[in-house]
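Everything on this sheet refers to the single structure shown next.
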Amino acid sequence: MKLWKRTHSCGELNKGNIEENVTLMGWVNSRRDHGGLIFIDLRDREGKTQIVFDPKVSKEAHQLAHNIRNEFVIAVKGEVSFRGKDAINPNMKTGEIEIRISEMQILSQSKQLPFSISEYSDVGEDARLKYRYLDLRRTEMKNNIILRHKVSLLIRNFLNKKGFLEIETPFLTKSTPEGARDYIVPSRVNPGKFFALPQSPQLFKQLLMISGFDKYFQIVRCFRDEDLRADRAPEFTQLDMEMSFIDRDILFNLIEELMATLFKEILSAEVKRPFPRLDYDDAMSHYGIDKPDLRYGMKIHNLNEFFKDTQFSPFSEVLAGNGKIGALKTEQPEKFSRKNIDDLDLFVKSLGLGGLISIRFKEGSELQSSLKKYITEETAALLKKEMQAQPGDLVFIAAGSTEKVNQVLGLLRIKIANTLKIIPKEQYKFLWVTNFPLFEYSQTEKRYTSVHHPFTAPVDEDIAMLESNPYQVRSKAYDLVLNGNEIGGGSIRIHRTELQQKIFNLLGIKAEEAEQKFGFLLEALQYGPPPHGGIAFGMDRIVMLLAGASSIRDAIAFPKTAKATCPLTGAPSEVSSEQLKELHIKLDL
RNA sequence: GGGGUCGUAGUGCAGUCCGGUCCAACACGCCUGCCUGUCACGCAGGAGAACGCGGGUUCAAAUCCCGUCGGCCCCGCCA
């Protein structure tokens, strides 16, 4: 059977093609067999077209069409015809026409599918991932993959126009001590030695700056062997960028233009510029998180002042210990029953705080709360003013260490917003978070570690504090946040060897170790490095948000599960003892 | 590493709290037949699950207990 030549896709024919003879190929999306007439929606990547088998047109084709089942692949020849006024389907792009079939070939058959391709049926993610190639036939996933392509193309075109070069960097590279756990690849020809897959092309892009490629970008896979989340995959794609001779504002401006272009081209959404900026410290104290969702309010208030003389010992102890009494006023307070509030209390406890206290404001300085006897009428009035509370309003209070209170109230804020469903869809609130601390203390490692990475430059006026007060030093790092998602982050880098050495020292990385791990960078920094900085974006997250999806997996053609496995291929899997032997690897399980 | 939640026909789910009424319900899909204007076609009939796996309690377990595996979500972790 010779394969015919396809003349059109299933998404392009319309009234203008009437009376044309066409050849279509595609999958049988649905079959409506009326005995006399058989209708089939033929589907390909571009869309669906209704084809009709009428014995008056071809007895043979009509006969053959009885054998067709869903997801068979067929080729059909026929004439494009108008459906007739009453038969038009306004929900289909090709809904005014149909193809009256004169000849058909069955190109391949299909077993009954493990799930329906129809957009009207729900399918569990288990089944979808195991049969991902079928899942990708479904409209929603297909559109996400097409959208992802468009995003990549827009980015490449935009950056090309701005003078950027896309340059590839190695996947088989060197393990670095800071940062995430590496995925490791053994080197057969170098027994006992290992490559690491890149967590990001960080060092290479800095080297490219030293090479003089002053505007670099790459859409590139990165790998991190850490535990996963809805928005975190073990291998993920970054839009990685670096520029020389720039300051933060040049970069911000460029990125804002890029984002506005993306959102306009993809969603026809106008994005307000410039994007607001928020200091890390303010983000933490007002939202309890470094990636606040600005689509809704419920900011965290600090109530320390109001309880400085309190007799309520849990609070006075917190204040004595330099802690925080934080509060947030919920929206839609009328929706909170005693049971709801108890559940939130449990939620707060599960995150490691003592509990949640609620205050329901009434008329005047009246209030209803387990804390009532510790609150004077005067304090009640002040509280009411601070929280801008109306009668009926509900305020949640938590106390503990400042970090914990911020974190827990931040998570509570998100939980309440989700529960109340007050987060507006189709609204895009970008935010730059700036002035991150340079260092943080790592409980697990018992030393300072970089908040961003060890190549991040400190804020100039804080450099003097590096030794005396390293915890207070701010960095020239920034994150781009969209609707509560960190979609990108970067920094202005250190471009002087001495400062880089000093940072390594403070991080407890010995000169010898620094030499061994980053020697090549330190050496490169001695050969005329330009001042430079950059940013990297989570492509999968951006596509996820543009697609309106809630999991990064819906933005990836062949994603991994939360346990970093692939149900489709069965990866990861054992390898033969011969393979291990060649690599000089012995297992110790 | 910790917490939560789910696991029942091909798919999605009900039943699980309060064990027997469940040789497990419903919808979609599938199979057979009918149907010339449907478009998530319709109508009639039919097949299909011993309830993730292992053990225990009980006269009796999808339902209770213990363990285990897997999916998803969160905390830790993710420069």
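These values consider heavy atoms only, across backbone and side chains, with no hydrogens, waters or symmetry-generated copies. Each chain gets a letter, A, B and so on, in the order its sequence line appears, and its residues count up from 1.
- Note on ring orientation: taking the six-membered ring where Trp is involved, the planes of Tyr133(A) and Tyr131(A) are perpendicular (angle over 60°, cut-offs 30° and 60°).
- In this model, a side-chain donor or acceptor of Arg100(A) finds a partner on the base of rG37(B) within 3.5 Å.
- The aromatic rings of Phe39(A) and His34(A) stand perpendicular to each other, their planes meeting at an angle above 60°, with 30° marking the opposite boundary.
- Taking atom P on both rA25(B) and rG71(B), the two are 30 Å apart, rounded to the nearest angstrom.
- Between Asp227(A) and Arg232(A) there is no salt bridge, since none of the side-chain N atoms of the basic residue sits less than 4.0 Å from a carboxylate O of the acidic one.
- Distance noted for atom P between rG42(B) and rG29(B): 8 Å (whole Å).
- Residue Lys563(A) has its side chain nearest to rG70(B) when only rC74(B), rG70(B), rC39(B) are considered.
- Position along RNA chain B of the nearest nucleotide to Glu178(A) versus Ala564(A) favours Ala564(A) as the more 5'-ward residue.
- Residue Glu119(A) is classed as having no contact, given no heavy-atom separation below 4.0 Å to the nucleic acid.
- Rounded to whole Å, the distance from NZ on Lys56(A) to P on rG37(B) is 11 Å.
- Using P as the reference atom, rU68(B) and rC73(B) are 23 Å apart when rounded to the nearest Å.
- Ring geometry, Phe171(A) versus Phe223(A): the interplanar angle exceeds 60°, so the pair is classed perpendicular (tilted spans 30 to 60°).
- Within the 4.0 angstrom heavy-atom criterion, base atoms lie near Pro454(A).
- The backbone N or O of His66(A) lies less than 3.5 Å from a partner atom in the side chain of Arg69(A), making a donor-acceptor pair.
- Going from atom CD1 of Ile289(A) over to atom C1' of rC78(B) covers 14 Å, rounded to whole Å.
- Stacking of the aromatic ring of His34(A) onto the base of rC41(B) is found: the ring centres lie under 5.5 Å apart and the planes are inclined by under 30°.
- With rounding to whole Å, Arg32(A) atom CZ is found 14 Å from rU36(B) atom C1'.
- Contacts of Lys48(A) with the nucleic acid, taken as non-hydrogen atoms under 4.0 Å apart, are absent.
- In this structure, the nucleotide among rC72(B), rC75(B), rU36(B) sitting nearest to the side chain of Thr561(A) is rC72(B).
- At the heavy-atom level, Val451(A) lies under 4.0 Å from the strands shown only through sugar-phosphate atoms.
- Separating the P atom of rU38(B) from that of rA24(B) is a span of 39 Å, rounded to the nearest Å.
- Here the options are Asp182(A), Leu172(A), Ile184(A), the test is side chain to side chain contact (heavy atoms under 4.5 Å, CB included), and the partner is Phe195(A); only Leu172(A) passes.
- Nearest to the side-chain atoms of Asn89(A) among the listed nucleotides rG1(B), rC39(B), rC30(B) stands rC39(B).
- Considering only side-chain atoms of Arg553(A), the nucleotide from rG10(B), rC72(B), rC41(B) that sits closest is rC72(B).
- At a threshold of 4.0 angstrom between heavy atoms, the contacts of Gly95(A) with the nucleic acid are absent.
- For Arg232(A) against rC77(B), a side-chain N or O and a base N or O form a donor-acceptor pair under 3.5 Å.
- Of the possible donor and acceptor atoms, one in the side chain of Asn144(A) sits under 3.5 Å from a partner among the backbone N and O of Asp554(A).
- No aromatic stack links Phe115(A) and the base of rU11(B), using centre distance under 5.5 Å and interplanar angle under 30°.
- Closest to the side chain of Ala87(A), out of rC72(B), rG76(B), rU38(B), is rU38(B).
- For the pair Leu499(A) and Leu466(A), the minimum side-chain heavy-atom distance is below 4.5 Å.
- Within 4.0 Å of Asp122(A), counting heavy atoms only, lie sugar-phosphate atoms of the nucleic acid but no base atom.
- Here rU36(B) is the nucleotide among rG37(B), rG10(B), rU36(B) with the atom lying nearest to any side-chain atom of Pro55(A).
- When the C1' atom of rU5(B) is taken as reference, atom CG of Asp343(A) falls 15 Å away, rounded to whole Å.
- The nearest whole Å value for the distance from the CE atom in Met92(A) to the P atom in rC41(B) is 11 Å.
- Using a 4.0 Å heavy-atom distance criterion, Ser491(A) is classed as making no nucleic acid contact.
- Side-chain N/O atoms of Arg69(A) and base N/O atoms of rG29(B) include no donor-acceptor pair closer than 3.5 Å.
- In terms of phosphate contacts, Gln407(A) brings a side-chain nitrogen or oxygen within less than 4.0 Å of OP1 or OP2 of rG76(B).
- For the C1' atoms, the distance from rC43(B) to rC64(B) is 46 Å, rounded to whole Å.
- At a threshold of 4.0 angstrom between heavy atoms, the contacts of Ala562(A) are confined to the sugar-phosphate backbone, with no base atom among them.
- Counting to the nearest Å, the P atom of rG37(B) and the CD1 atom of Ile38(A) are 13 Å from each other.
- Distance from the side chain of Ala180(A) is smallest for rC78(B) among the nucleotides rG10(B), rG1(B), rC78(B).
- Of the two residues near RNA chain B, Asp126(A) and His453(A), the one whose nearest nucleotide lies more 5' is Asp126(A).
- Not a single donor-acceptor pair, N or O on each side, falls under 3.5 Å between the base of rG37(B) and the side chain of Asp86(A).
- Distances shorter than 4.0 Å separate some side-chain N or O of Thr565(A) from OP1 or OP2 on rG71(B).
- Remark: the separation of the P atoms in rG67(B) and rG2(B) is 13 Å, to the nearest Å.
- Rounded to whole angstrom, the span from the CZ atom of Arg229(A) across to the P atom of rG4(B) amounts to 16 Å.
- Here the side chain of Leu37(A) is nearest to one of rG76(B), rG10(B), rU36(B), namely rU36(B).
- Across all strands, Arg31(A) comes closer than 4.0 Å to no nucleic acid atom at all (heavy-atom distances).
- Taking 4.0 angstrom as the limit, Asn29(A) places none of its side-chain polar atoms (N or O) nearer than this to OP1 or OP2 of rC39(B).
- Listed for the Asn485(A) side chain is a donor-acceptor partner under 3.5 Å among the backbone atoms of Asn483(A).
- Across all strands shown, Thr456(A) has no heavy atoms under 4.0 Å from either base or sugar-phosphate atoms.
- Candidate nucleotides rG37(B), rC72(B), rU11(B) were compared by shortest atom distance to the side chain of Gln50(A), and rG37(B) ranks first.
- In this structure, Ser350(A) reaches neither bases nor backbone, as no heavy-atom distance under 4.0 Å exists between it and the strands shown.
- Contact annotation for Asp33(A): base contact, defined as any heavy-atom pair under 4.0 Å involving a base atom.
- Of the candidates rC73(B), rG10(B), rC75(B), the closest approach to any side-chain atom of Leu351(A) belongs to rC75(B).
- Side-chain N/O atoms of Arg83(A) and base N/O atoms of rC39(B) include a donor-acceptor pair closer than 3.5 Å.
- The gap from the C1' atom of rG10(B) to that of rA47(B) amounts to 13 Å, rounded to the nearest Å.
- rC31(B) and rU36(B) have their C1' atoms separated by 24 Å, with the value rounded to a whole Å.
- Residue-level contact check: Gln199(A) touches neither bases nor backbone, having no heavy atom under 4.0 Å from any strand.
- Using a 4.0 Å cut-off between charged nitrogen and carboxylate oxygen, Lys130(A) and Asp126(A) do not count as a salt-bridge pair.
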